[in-house]
Amino acid sequence: MVKIMDLRRNGYLILFLVLLGGDYEVSVKGENNVVFSVEHKFGGRGRSVLKDLKDHDVHRHGRMLAAADFLLGGNGSPTGAALYFTKLSIGTPSKDYHVQVDTGSDLFWVNCARCLKCPTKSKLGIDLVQYDLQASTTGKFITCEQDVCTTMFDAASSECKVGKPCEYLVTYGDGSSTGGYFVKDNIYLDQVSGDYKTSSLQGSVAFGCSSQQSGDLGTSTNAVDGIIGFGEANSSVISQLAAAGTVKKMFAHCLDGVKGGGIFAIGQVVEPKVNSAPLLPNRAHYTLSLKDIEVGKEVLDIPTSLFESKSSKKAIIDSGTTLVYLPSKAYNALMNKLMSKQPQLKTHHLDGDFDCFIYSGNVDDGFPAVTFQFVGNLSLTAYPHDYLFEVRDNEWCIGWQEGTQGKDGNEIYLLGDLLLSNKLVLYDLEKQTIGWTQYDCSSSIKVKDETSGNVYTVGAHKISSASSLDSRMAFTFFFSVISFFCFLLK
């Protein structure tokens with residue numbers, strides 16, 4: 001999910017959110033493995049969800065945050081709209097909350113009691129719950145004089161005085177916003193303790209308590225209780241837990257685009273092995289340097305201007321976006337090459353954004369694979385059954401999309417679940433690498449417990465919404481070590 005985030009504290013514009021990594025406590029020492037259940041907010045392929053899918057990506061590209069480890073629900077079809085949510089417990093006595101998992105953002109926040117314009121109903125089949133600080137015996141305000149507040153801003157604010165709540169306002173690129181104050185309370189995670197076994201892990205982390213919302217956040221019928229980000233910033237839950245020595249700063253996900261469900265794990269994955277490439281430094285999102293795009297065995301000829309070169313091709317890897325977004329020149333070159341393989345086909349538009357056609361044959365026989373080649377000898381391949389999806393009998397639509405912009409106004413390569421499904425994707429934030437391998441995401445992976453040195457098997461999970469998803473599909477994620485939140489263009 002790509003996001004532009006503005007933070008304000010009592011009227012001061014904050015360009016970057018930084019939480020002091022050591023200002024929280026965790027009850028279990030040593031680096032642990034944790035698991036969560038995550039579910040996609042939409043399910044199934046089909047024409048009925050095309051508009052929801054595109055709308056989600058449009059909103060997402062204005063809202064991006066970071067990541068964690070959960071049990072996931074749903075499946076990885078391109079029309080699944082790429083929103084994952086999981087359930088975790090907060091407070092004493094603990095209550096369950098459903099929060100969106102986003103590898104494109106950093107901040108963790110939940111709706112709070114007496115929130116203004118926060119959603120109260122969801123058609124996802126979940127009961128929305130608002131966090132009440134006064135009802136938790138372990139919950140605490142974060143006040144202005146505390147380091148965890150003062151270090152998250154780039155300048156002191158004379159309006160934030162001793163004893164006052166540390167306030168925030170996040171404005172997303174789609175115009176929606178959430179604002180409130182920071183608190184600290186216990187969260188409860190599933191720690192991997194044996195083969196297919198977990199035990200409870202308790203930690204105390206800082207997070208946002210949303211007291212007001214606007215725009216899509218406050219009106220969405222597919223609402224959840226908040227967002228938990230898996231970005232690299234010190235404010236993300238995974239960064240907080242890693243700084244405390246509770247987990248390693250790495251996580252992996254495996255989205256099952258065939259059967260639904262999958263795996264999302266924080267910690268050291270020892271099986272399967274993956275090929276990795278270095279992340280580009282000083283980027284707001286997980287970004288790789290793209291060399292070429294191959295259609296079949298042919299390198300795509302993408303026209304360049306005087307100001308463009310191969311070194312300017314930066315590709316964002318974002319598990320929170322469903323489709324793949326390409327700069328106009330790359331998109332047109334790719335589409336021309338693909339359709340040249342079937343010159344007799346006539347395309348038509350559905351919902352204004354999808355090129356579709358009628359085809360009765362086997363798409364894997366009739367169309368070529370598309371491979372993205374990255375610097376570092378890493379490649380990512382989409383087969384025809386990945387980038388083509390059947391919306392009704394013999395009517396196929398194409399998952400490639402033209403153009404989305406970064407905050408500098410330039411078009412970007414944004415690679416979502418259309419490419420990432422059915423692969424084990426590993427983010428090693430300690431080594432600053434990202435890698436993947438083709439994998440059966442309905443099977444299992446092996447993770448290492450850093451405290452004992454034991455290696456445990458973590459299986460795929462799938463949690464289902466209580467609502468009727470009909471022909472829609474739900475994606476499933478599974479995190480095994482400790483995982484927490486999302487990401488979008490900042």
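Here the structure is a predicted model, which means the values were calculated and not measured.
- Tyr413 has its ring centre no less than 6.0 Å from the ring centre of Tyr325.
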Decide salt bridge (charged side-chain N to carboxylate O under 4.0 Å, His left out) for Lys249 and Glu450; before the verdict, give the C-alpha distance in whole Å, the side-chain angles of both, and the deciding distance to 0.1 Å.
CA-CA 12 Å; Lys249 200 171 183 180; Glu450 296 297 325; over 6 Å; no
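- Checked by atom type and distance alone, the side chain of Trp396 never pairs as donor or acceptor with a backbone atom of Val363 at under 3.5 Å.
- Taking the six-membered ring where the residue is Trp, Phe367 and Tyr359 present perpendicular rings, their angle passing 60° and hence far from 30°.
- With ring centers used as reference points, Tyr331 lies 6.0 Å or more from Trp400.
- Contact check for Val205 versus Ile187: side-chain heavy atoms found under the 4.5 Å cut-off.
- Side-chain contact check for Val425 versus His253: some heavy-atom pair is nearer than 4.5 Å.
- We find that Lys314 and Glu411 are not joined by a salt bridge, their nearest charged nitrogen and carboxylate oxygen being 4.0 Å or further apart.
- Contact check for Asn275 versus Thr437: no side-chain heavy atoms found under the 4.5 Å cut-off.
- There is a side-chain donor-acceptor pair under 3.5 Å between Gln432 and Glu232.
- If you check the side chains of Gln191 and Thr198, you find no donor sitting under 3.5 Å from an acceptor.
- Within the 4.5 Å cutoff, side-chain heavy atoms of Gln401 are placed close to those of Leu323.
- Between Phe372 and Trp436, the ring centre distance reaches or exceeds 6.0 Å.
- You'll find the side chain of Asn111 reaches within 4.5 Å of the side chain of Pro119, heavy atoms only.
- Side chains of Asp417 and Thr322: a donor-acceptor N/O pair is absent below 3.5 angstrom, by distance only.
- Using modelled atom types, one finds a donor on one side chain and an acceptor on the other under 3.5 Å when comparing Asp185 with Tyr131.
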